[in-house]
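Since we're looking at a predicted model, the values are computed, not measured. Lettering of chains follows the sequences in order, A, B, ..., and the numbering in each one begins at 1.
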Amino acid sequence: MLVRTRFAPSPTGYMHIGGMRTALFNWLWARHHGGQFILRIDDTDQARNQETALGPILRAFKWLGLNWDEGPEVGGPYAPYFQSQRGDLYRAAADRLLAEGKAYQDFSTKEEIDADRKQADREKRPYINIRRSLDLTDAQRQQFLAEGRPWVLRFQIPRDQKIVLHDLIRDQVEWDAALLPDPVICRADGSPLYNFATVVDDSQMQITHVIRAEEHLSNTPIQILLHQALGNPLPEFAHVPYVAAPGSKEKLSKRKIDQYRKNPQFQRMFQRGDEVFPKIGLTQPGQPGSAAFDPVMVEYYEKIGYLPAAVLNALGRIGWSLDEKTEILSLQTLVENFSLDRVVKAPAGLDPDKLYNFQGHWMKEFSLGPKVHHCLSFLVAAKLVAEPITPPVRDFVTKVVVAMGDRLKIFADILDAAFFFTDTFEIDEKNFDKRVRKEGVPALLSAFRQHLAELPDYSAASLEADLHTFCTARGEQSGTLVHAVRLSITGQAVGPGLYDCLVLLGRETVLTRIDAAVKRVA
RNA sequence: GGCUCCAUCGUCUAACCCGGUUAGGACACAGGGUUUUCAUCCCUGCAAUGCGGGUUCAAAUCCCGCUGGAGUCACCA
C-alpha cells in the first residue's frame with residue numbers, strides 16, 4: 001500500500017518550530033516508504049488573510065527542503081487542498097450523517113448548554129449533551145426551522161461503545177464513548193468544524209498514516225467514531241509528543257514569548273535577535289528585534305542565519321534517535337533510518353545549545369561559495385556593502401569569511417566583522433581601557449605605527465615575525481602589542497587572527513586607526 | 001475537576017519489548033593542552049533510573065499503588 005501522510009497547518013502567519021518537527025516526521029515517514037507527503041490547509045476559520053498568512057508556512061518548508069507532492073501551488077488529484085474550498089465534500093458527508101440519523105440538528109442555545117454544564121459540575125458528573133432536540137416531533141422541528149431558529153449539526157456519539165486505538169507510538173489507548181459530549185460538526189452557518197473536516201479530508205485524500213502532535217490525542221476517539229459512521233477505512237494513527245519549551249515539559253507556545261525571554265536557555269537567542277534584526281532592518285517599530293522573529297518561529301532561524309541542515313538535525317533529534325550514539329544526522333540519513341517505533345513518548349524540550357552545536361558542525365561542512373553568498377546578503381541588508389556586488393567586493397568578503405573561519409557560526413556573525421567594512425565600528429570600552437589605555441601602551445603603539453609605515457614588506461607572513469622582533473628589541477611582551485593593536489584596529493578583544501586583520505584592512509587604514517586610538521587615549 | 005498521556009545525568013537520549021551493562025553517547029558545565037585573542041581541535045572530570053510495594057537467584061527493564069509533570073475538555077485548529 002502506498003504510504004500517504006499529510007501535514008495540515010492552519011494559516012497563522014508563521015511556522016511554529018514544534019509544528020515543523022511534526023511535519024518533518026510526516027515527511028520522513030512518507031519518504032522512508034517511498035510514499036507521498038501532502039500539504040493541506042486547514043483554514044475553516046475564514047477570518048484570516050490567507051495570502052500573507054500562508055506564505056511564511058510554505059516558505060519554511062521550502063527553506064528546509066521539505067517538498068510536498070500535493071497541496072498549495074502544486075495541486076494534485078484530490079484538489080482543492082484548502083478546506084475553505086471543499087465545502088461540497090463536507091456538506092455531502094453531513095447530509096448523509098443527518099439522513100442516516102447519525103447526526104442531529106441541535107437547537108439548544110448557548111445558555112441552555114452552559115446551564116447543563118454547570119449542573120453536571122454541581123453533581124460532579126462528567127458533562128454530556130442532554131439531546132433535547134432529539135425529543136422534538138417532526139412538526140416542532142419544522143416549526144423551529146420555519147421560524148429560522150439557529151441550529152448546529154451535532155454528531156450523535158454512540159454511547160454504548162468503548163473506543164480502542166492502536167497508536168503506532170503509544171500502543172493501546174482506550175476511551176469510553178459514554179463520557180464523550182456530542183461534538184458540533186457544522187456551525188450554524190453550515191461550515192464544518194475541524195474534527196469533521198479532518199475526517200472527511202483524511203479519508204477522501206487517502207491518508208494512510210495520521211502522524212500528529214499528542215495534543216490531538218483527545219480528538220482521536222471522536223475522529224475514529226466519525227470515520228466509522230461514514231464507513232471509512234481507518235487510517236493508522238501516531239501521536240508524537242509535542243515540543244516543549246527549553247528545559248520544561250510545557251508545550252512550546254507562541255503566546256508565552258514574554259516568559260521565554262527570561263528562560264535561561266532561550267535568552268541568548270532572543271538577545272541575538274535583538275542585536276541582529278535591527279541591524280538588518282527586520283524590526284517592528286518600537287519593539288525589540290526578536291519581536292519580529294522569535295525562536296518559536298522557523299523564520300527566526302532562517303533570518304538570523306542558521307543552516308537548514310542544522311535545524312533539521314536538531315528537529316530530528318527531538319524525540320527520536322537512530323541508535324545509542326549517532327548525533328549528526330543529514331536529511332538523507334534521516335530518510336533512510338526514520339521509524340515511528342523509535343519515537344520517544346515523553347515530550348522533549350527544544351535545546352538551543354544543541355542546535356547551536358549542530359549548526360557549528362554543518363557550517364564547517366558548508367562550502368565557501370554559498371557561505372560568502374549568504375554573508376553578502378547580511379552585509380547588504382546591514383548596509384555595510386552596497387549593491388550591486390562587484391568582483392573585488394566579493395573577493396574581499398571571501399577573504400573576510402576565510403579569516404573568520406569557525407568563528408562564523410551563524411551567518412549573522414559576519415556582522416561582528418563590521419570593522420572590515422566601516423570606520424564607524426563599535427569599540428569595546430572595557431577592553432580598550434584594559435589593553436590600550438595603559439601606562440606605556442600608547443607610546444608603544446605610536447612607535448609601532450611608525451615602524452609599520454616604513455615597513456618594506458607588508459604581508460601576513462612577514463608581519464608576524466616582524467611584530468615579534470619589534471617587541472623583543474624594545475623588551476616588551478608581544479602580547480601587549482598584539483592586544484593593543486587588535487583593540488585599536490577592530491575595537492574588539494576577540495576576532496580573526498591579528499595578521500589577517502592587518503592585511504585585510506590594508507596599511508593605510510591600519511595607520512589611521514592606530515592614530516585614532518592613540519588620540520582617543522589622550 | 002473529568003478524560004487521556006508521560007516519568008533515566010542540568011538538557012536531548014541509549015539500554016526497556018526479549019530482566020544479568022562499571023547504566024552508554026551527545027550537548028551544557030568545570031579543569032587541562034594547542035592557538036600570544038577568540039573560535040576550532042584534543043584530553044580529563046562532573047552528573048541519572050521519582051517513591052513504595054510485589055514477582056525473581058537477579059529489576060532501569062515485568063506487575064500494582066503513590067507522587068509528580070503534561071495535554072485536553074469551543075459553533076479554534
To the nearest Å, how far apart are [X] [atom1] and [N] [atom2]?
| X | N | atom1 | atom2 | result |
| --- | --- | --- | --- | --- |
| R117(A) | C75(B) | CZ | P | 7 Å |
| N219(A) | A74(B) | CG | C1' | 11 Å |
| F7(A) | A77(B) | CZ | C1' | 11 Å |
| M15(A) | A77(B) | CE | P | 17 Å |
| K124(A) | C3(B) | NZ | P | 13 Å |
| L217(A) | U72(B) | CG | P | 11 Å |
| E174(A) | C5(B) | CD | C1' | 14 Å |
| Y499(A) | U37(B) | OH | C1' | 11 Å |

I'd like to know if [X] pairs up with [Y] as an ion pair, taking the criterion as any Lys NZ or Arg NE/NH1/NH2 lying under 4.0 Å from an Asp or Glu carboxylate oxygen.
| X | Y | result |
| --- | --- | --- |
| E327(A) | K354(A) | yes |
| D43(A) | R86(A) | no |
| D202(A) | R40(A) | yes |
| D167(A) | R212(A) | no |

For this session: Ignoring the backbone of S321(A), work out which of A14(B), C75(B), G25(B) is nearest its side chain.
Result: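 Side chain of S321(A) sits closest to A14(B).
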
Exercise. For A229(A) and F155(A), which heavy atoms make the closest approach, and how far apart are they?
Worked result: CB-CE1, 3.6 Å

Suppose we call a contact any N or O donor and acceptor under 3.5 Å apart; does that hold for the side chain of [X] and the base of [N]?
| X | N | result |
| --- | --- | --- |
| E324(A) | G25(B) | no |
| R407(A) | C38(B) | yes |
| K354(A) | A26(B) | yes |
| N357(A) | A28(B) | no |

So [X], base contact, sugar-phosphate only, or nothing? Heavy-atom distance under 4.0 Å.
| X | value |
| --- | --- |
| A188(A) | base |
| K409(A) | sugar-phosphate |
| G319(A) | sugar-phosphate |
| G405(A) | nothing |
| V173(A) | sugar-phosphate |
| D353(A) | sugar-phosphate |
| R317(A) | base |
| P496(A) | base |

Exercise. Are OP1 or OP2 of G68(B) and a side-chain N or O of K249(A) less than 4.0 angstrom apart?
Worked result: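 False: K249(A) side-chain N/O out of range (4.0 Å or more) of G68(B) OP1/OP2.
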
Exercise. Is the shortest side-chain N/O distance from K364(A) to OP1 or OP2 of C41(B) below 4.0 Å?
Worked result: yes

Problem set entry | For U21(B), the Watson-Crick or wobble counterpart (both distances under 3.5 Å) |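 In the structure as shown, U21(B) has no Watson-Crick or wobble partner.
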
Problem set entry | Residue mapping more 5' on RNA chain B - nearest nucleotide basis, R154(A) or G479(A) |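 Looking at RNA chain B, the more 5' nearest nucleotide goes with G479(A).
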
Problem set entry | H216(A) ring center within less than 6.0 Å of Y194(A) ring center | yes

Problem set entry | Span that lies between the P atom of U40(B) and that of C27(B), in whole angstrom |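 Their P atoms lie roughly 11 Å apart.
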
